[in-house]
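Here is the naming used below: chain letters follow the sequence lines, and residue numbers restart at 1 for every chain. The shown structure was predicted, so the numbers you read here are calculated from the model rather than taken from an experiment.
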Amino acid sequence: MYSCGSLEDWFRMQEKYDHAAVERGAQQDWADARAFEADDAAAGEKYYCLCMFPYPSGRLHMGHVRNYTIGDVLARFMRMQGRNVLQPMGWDAFGLPAENAAMANGVPPAKWTRENIAYMKGQLRSLGFAIDWRRELATCDADYYRWNQWLFLRMLEKGIAYKKTGTVNWDPVDQTVLANEQVIEGRGWRTGALVEKREIPMYYFGITRYAGELRAALDTLPGWPERVRAMQANWIGESHGVEVEFPYAEDARARLGQEGRLKVFTTRADTLLGATYVAVAAEHPLALAAAEGNAQLAAFIDECRRGSTMEADLATQEKKGLPIGLHVMHPLTGTQLPVYVANYVLMAYGEGAVMAVPAHDERDFEFALKYGLPVRTVVASPSGAYEKVEAPWQDAYAGHGVLVDSGEFTGLASAAAVDAIATALAARGLGRKRVQYRLRDWGISRQRYWGCPIPIIHCAACGDVPVPDKDLPVRLPEDLVPDGSGNPLAKTPSFYQCKCPKCGGDARRETDTMDTFVDSSWYFLRFASSGNDRAMVDERANYWLPVDQYIGGIEHAILHLLYARFWTRVMHEFGLVKTPEPFANLLTQGMVLNHIFQRTSGAGRREYFNPADVDLVIDPDTHEARATLKKDGSAVTYEGMGTMSKSRLNGVDPNQLTEKFGADTARLFMMFTAPPEQSLEWSDEGVLGANRFLRRLWKAVFDHVSAGGPVSAEAVRAQLAAGIAGADRDLRRVAHQTLGKVKDDIGRRRVFNTAIASVMELLNAAGRHTEVSPAARAVRQEALEIAVMALSPIVPHITHVLWQALGHAEPLWGERWREADAAALEQDTIEIVVQVNGKLRGRVAISPSAPEEQVKAAALADENVRRFFEGREPRKVIVVKGKLVNVVV
RNA sequence: GCGGACGUGGCGGAACUGGUAGACGCAGCAGACUUAAAAUCUGCUUCCCGCAAGGGAGUGUGGGUUCGAUUCCCACCGUUCGCACCA
């Protein structure tokens, strides 16, 4: 224990700031006092501060440090504001890296994962985060994942979870299915491998039935960043339009042996009279039916399916198609329209079929031109940009306008025409208004070992039988070691052999596990119901939820955050939680960047170099970068700043940083260098600067205390009551301004760099204040206390010790935030800026209570100001109270 | 193509509600201390003219609103992120 409770102890302190001793002592004090255990029933408004929990990959990286520092600053700050704060931590512990590590080392994923957790927990502790560790959880614990299984079964009962065989994204490297959200530019989000299409039976969560509310509720989340809401809205992809049915023509009826209608979805029902053909996707049932016995068509369909899965390629590829030889009838005119298979129609969106209006859709236009299909102009240009649609394509063709050549709808504006046409279609039973979403259901089956088992038993007699609640959890065996040849669960009879719960006969347990995004969809609820072994969540969740502040990386803007919102909505529907939205406020912290140095060999192989091994010189004139290796002076290529990553060898290890400079320096650097939402550029000099500031802070307190000991609270009060003046009063004003500024910056604006800057200013001012009178010492005592208090959420260790050094017996972590003293903020004179025609020409000092006329007179009397009148008379004088005077001449 | 964010000194960034542009820090320069170096401390540091006082220009570009614009509006350019043949 690093105790500085008495003056003698203080003098035993080294004059030099010893971060290791300070941090060890402070952390011990917090642990002894159980300072950060959150009380589920404490007085005061609750504050749930949550950081996205880490995957236990082995070591923390700088992104973690930044994330958890932001959360810790807010948690500690809110605690000082009198809020009842919960800040928990856990482990997103299922997932593929554990299996890969297992294969590489021959160690079961469970062992690898638990060892990583133990190590990383030590790292988190050494960074001094104010976490309630009693609530720690790991998603690989059966106590946790049994509730995944339990809710899965409830969702199955309600039809929200269901089984379906469908085309899925298959990652050939990880040998598993990926959700739509996990495919990025046609590649697996983790492996980067080109994704293949496969037909596999799997379980889905019906997230699409919540698409409308998930979309609409985004507007109820003002505490979320605009870009995240935009990304989610984009992803959900709500379009308002009309579903139109085209009855089969004679040839199609004959071919299919029945009546039928081809459904399409359109957002441009106003152009319906301009439809000259209908196009369907290659996988569309009508196309498949027509392809039977039509080798050319079958070959084309096959070609479309095998085509590139790169969506960016798809968007630019040439439009191609074939008539399927069948026709449908226009729902309003009865005209026969040919049906085409077209490579630009997506089976996965809408009905997998479109009505083609070449005159008013660029894709249809290109297609029609190529295959000689008619182009019918049905919307007149409002701006007169065109008379009749003809090649080449103009963007104006796709604009809204007034209908022409559209029978009874001619003359209507586009918006009105959509309504009128929808009504006409509805009257014929051939269409209706509808909302279409881009979002698709969430496939959760993974052919992997290290995940939560799906609680289903397959019985030859009874089919797929849910595991009864009394048999939960379905435990994952923890001693298996995957060998890369598929899911080891499927080769472990002790796991998959079981009895059917219905008929008692021999049955086989489902060996697929759940997508790990299921695990992270509700951990925040479990933190708030910690330790309950009889229920998934309890009333405590309703106390703590919604999370007041959620903090994590922007990379989770869609996947995790959308799934968690969906899952919470389901639990809300089941009456398990009161809130439909889990996260009231979201802060997406920026990436941590560092320099990238690389050299490409003759053979085209890239070799990366750690920035610590490179000297970088930027020419001040040309701005050209010259980078050379420290060891031999050879040149390397500077690639600028980029995200810290293993592959680019530009990571900085948090351990090295904390060992050398301490956790407080690491925390201060991260919070000071950039606002939380922006990317943070690593700088070794910046780290040194942060450390320098802490040493100055330490020395300021040391010097103050050495020169006569700390001033007691009573003595400070007495001096203030006796009245202070001059430099003392100035310093006191700065101190109290700082108090207000820091509270506003952290509490309202969520920016920390400016809060730190203002404390730096305070310390600079205190350094200039060298008087030694009793009043001066009292003011300095107060100023130092304020500096220490204001910094304490950011650098909790050093401030913990300095607070004691300043003579406080009660620990800083239990202290209430001080409010700025209005009397201290008062000023006798203030500086008013004087402008002439908006340009700064002078300054005048005046009493803040001076009436406007007096301020005006003082400004006009200023000699420098008068110079710029150049003989002209002021036409107008604008006075901004307490700030400036602008004279217009 | 659609949607979002952003554009300010040598660098990271500040200026919150339209009111002194460049806080704070880094780097750099000069000085003090030192045998010396490091560390520390003090001062200077947007650009141009000027010994200085002072003046001029200046927040991606062009326009607009205003007594006054980094901030609001319009158009454009650039960077970056997400989505992308979404019917």
Discussion item. What is the distance, to the nearest angstrom, from the NZ atom on Lys839(A) to the P atom on U66(B)?
Written reply: 20 Å
Fill in: Among G68(B), G25(B), A39(B), the nucleotide that comes nearest once only the side chain of Asn886(A) is considered
G68(B)
Practice prompt. Could you check which of C67(B), A14(B), C83(B) has an atom nearest any side-chain atom of Ile878(A)?
Written response: C67(B)
Worksheet entry | Rounded distance in Å - CG (Leu559(A)) to P (C83(B)) | 9 Å
Worksheet item: Given the rule in the side chain to side chain donor-acceptor pair (under 3.5 Å) test, do Tyr17(A) and Thr665(A) qualify, once you have shown the distances and angles that lead to the verdict?
Response: CA-CA 12 Å; Tyr17(A) 163 49; Thr665(A) 293; 4.8 Å; no
Discussion item. Base, sugar-phosphate or nothing for Asn764(A)? Non-hydrogen atoms, less than 4.0 Å.
Written reply: sugar-phosphate
Worksheet item: Rounding to a whole Å, what distance do you find between Asn864(A):CG and G54(B):C1'?
Response: 9 Å
Worksheet entry | Identity of whatever pairs with G62(B) - Watson-Crick or G-U, under 3.5 angstrom | C74(B)
Fill in: C1' gap between A52(B) and G58(B), integer Å
23 Å
Discussion item. Nearest heavy atom decides the nucleotide; on that basis, is Phe672(A) or Gly352(A) closer to the 5' end of RNA chain B?
Written reply: Phe672(A)
Item to complete: From the options A39(B), G19(B), A15(B), select the nucleotide whose nearest atom is closest to the side chain of Arg749(A).
Response: A15(B)
Discussion item. Can you check the distance between U59(B) and G7(B), where both ends of the measurement are the P atom (answer in whole Å)?
Written reply: 14 Å
Worksheet item: What nucleotide among C85(B), G54(B), C16(B) has an atom nearest to a side-chain atom of Lys741(A)?
Response: C16(B)
Discussion item. Judged by each residue's nearest nucleotide on RNA chain B, which is more toward the 5′ side, Thr673(A) or Arg268(A)?
Written reply: Thr673(A)
Fill in: Short side-chain N/O contact from Arg692(A) to OP1 or OP2 of C26(B), under 4.0 Å
yes
Worksheet item: Between A14(B), A5(B), C86(B), which one does the side chain of Asn753(A) approach most closely?
Response: A14(B)
Practice prompt. For the pair Trp393(A) and Phe365(A), name the ring-plane relationship: parallel under 30°, tilted 30 to 60°, perpendicular over 60°.
Written response: tilted
Item to complete: In whole angstrom, give me the gap between the C1' atoms of G13(B) and C6(B).
Response: 14 Å
Worksheet item: Do the non-hydrogen side-chain atoms of Val742(A) and Ile746(A) ever get within less than 4.5 Å of each other?
Response: yes
Practice prompt. Could you give the distance separating G28(B) and C33(B) at their P atoms, to the nearest angstrom?
Written response: 22 Å
Fill in: Heavy-atom side-chain contact between Trp224(A) and Leu561(A) under 4.5 Å
yes
Worksheet item: When you measure from the side chain of Asn343(A), which nucleotide among C26(B), A84(B), C85(B) comes out closest?
Response: C85(B)
Practice prompt. Please check the phosphate of G55(B) (OP1 and OP2 only) for any side-chain N or O of Arg841(A) closer than 4.0 Å.
Written response: yes
Worksheet item: Hey, does Val877(A) reach any base, or is it just sugar-phosphate, or nothing, if we go heavy atoms under 4.0 Å?
Response: nothing
Fill in: Rounded distance in Å between the C1' positions of A27(B) and U80(B)
26 Å
Worksheet item: Quick one: which of G55(B), G3(B), G82(B) gets closest to the side chain of Ala230(A)?
Response: G3(B)
Worksheet item: U40(B) base to Arg696(A) side chain: any donor-acceptor pair below 3.5 Å?
Response: no
Item to complete: State, without any angle test, whether Arg696(A) and Asn764(A) hold a side-chain donor-acceptor pair at a distance under 3.5 Å.
Response: yes
Item to complete: Take the angle between the ring planes of Tyr340(A) and Tyr277(A) and call it parallel below 30°, perpendicular above 60°, tilted in between.
Response: perpendicular
Discussion item. Measure CG/Leu694(A) against P/A39(B) and give the value in whole Å, please.
Written reply: 17 Å
Worksheet, complete the sentence: Checking A14(B), U20(B), G19(B) against the side chain of Thr754(A) (C-beta onward), the nearest is A14(B)
Practice prompt. Give Val880(A) one of three labels, base, sugar-phosphate or nothing, depending on what nucleic acid heavy atoms sit under 4.0 Å from its own.
Written response: base
Worksheet item: If you look at every strand shown and take non-hydrogen atoms under 4.0 Å, does Gly689(A) touch a base, only sugar-phosphate, or nothing?
Response: sugar-phosphate
Practice prompt. Could you check which nucleotide pairs with U17(B) in any of the strands shown, counting Watson-Crick or G-U wobble with both distances under 3.5 Å?
Written response: none
Discussion item. Considering every strand and a 4.0 Å limit on heavy-atom distances, what is the contact class for Phe669(A): base, sugar-phosphate, or nothing?
Written reply: nothing
Fill in: Closest nucleotide among U20(B), A87(B), A23(B) to the Val833(A) side chain
U20(B)
Item to complete: Give the rounded distance in Å between these two atoms: CD of Glu681(A) and P of G12(B).
Response: 6 Å
Discussion item. Side chain of Met760(A), heavy atoms from C-beta onward: which of G25(B), A57(B), A87(B) has the nearest atom to it?
Written reply: G25(B)
Discussion item. So Phe672(A) and Phe752(A), do their side chains get closer than 4.5 Å, heavy atoms only?
Written reply: no
Item to complete: Tell which nucleotide pairs with C51(B), taking only Watson-Crick or G-U wobble pairs whose two distances are both under 3.5 angstrom.
Response: none
Worksheet entry | Complement of U79(B), any strand, by Watson-Crick or G-U distances under 3.5 angstrom | A5(B)
Item to complete: Just label G60(B) as syn or anti from its O4'-C1'-N9-C4 or O4'-C1'-N1-C2 angle, using within 90° of 0 for syn.
Response: anti
Practice prompt. Starting at atom CD of Gln678(A), determine the distance to atom C1' of U79(B), rounded to an integer number of angstrom.
Written response: 14 Å
Discussion item. Within the 4.0 Å heavy-atom criterion, would you say Ser683(A) contacts the bases, only the backbone, or no part of the nucleic acid?
Written reply: nothing
Discussion item. Check whether Tyr344(A) forms a cation-pi arrangement with Arg363(A) (NZ or CZ under 6.0 Å from the six-membered ring centre, at most 45° off the ring normal).
Written reply: no
Worksheet entry | Euclidean distance, atom CG of residue Asp703(A) to atom C1' of U40(B) [Å, nearest integer] | 12 Å
Item to complete: Name the nucleic acid region contacted by Pro225(A), choosing base, sugar-phosphate or nothing; use a 4.0 angstrom heavy-atom cut-off, strictly under.
Response: nothing
Worksheet, complete the sentence: As its Watson-Crick or G-U partner within any shown strand, both distances under 3.5 Å, C29(B) has G43(B)
Discussion item. Please report the distance separating the P of C24(B) from the corresponding atom of A75(B), rounded so that it comes out in whole Å.
Written reply: 39 Å
Worksheet entry | Any donor-acceptor N or O pair under 3.5 Å, side chains Arg695(A), Asn691(A) | yes
Discussion item. What is the distance, to the nearest angstrom, from the CD atom on Glu677(A) to the P atom on G4(B)?
Written reply: 17 Å
Worksheet item: On a whole-Å scale, what distance lies between the C1' atoms belonging to C72(B) and C26(B)?
Response: 34 Å
Discussion item. Whether Arg438(A) contacts A84(B) is assessed here as follows: a side-chain N or O lying under 4.0 Å from the phosphate OP1 or OP2. Is that the case?
Written reply: yes
Worksheet entry | Same-atom distance (C1') from U20(B) to A36(B), integer angstrom | 46 Å
Worksheet item: Counting any heavy atom closer than 4.0 Å, what does Arg695(A) reach on the DNA or RNA strands: base, sugar-phosphate only, or nothing?
Response: sugar-phosphate
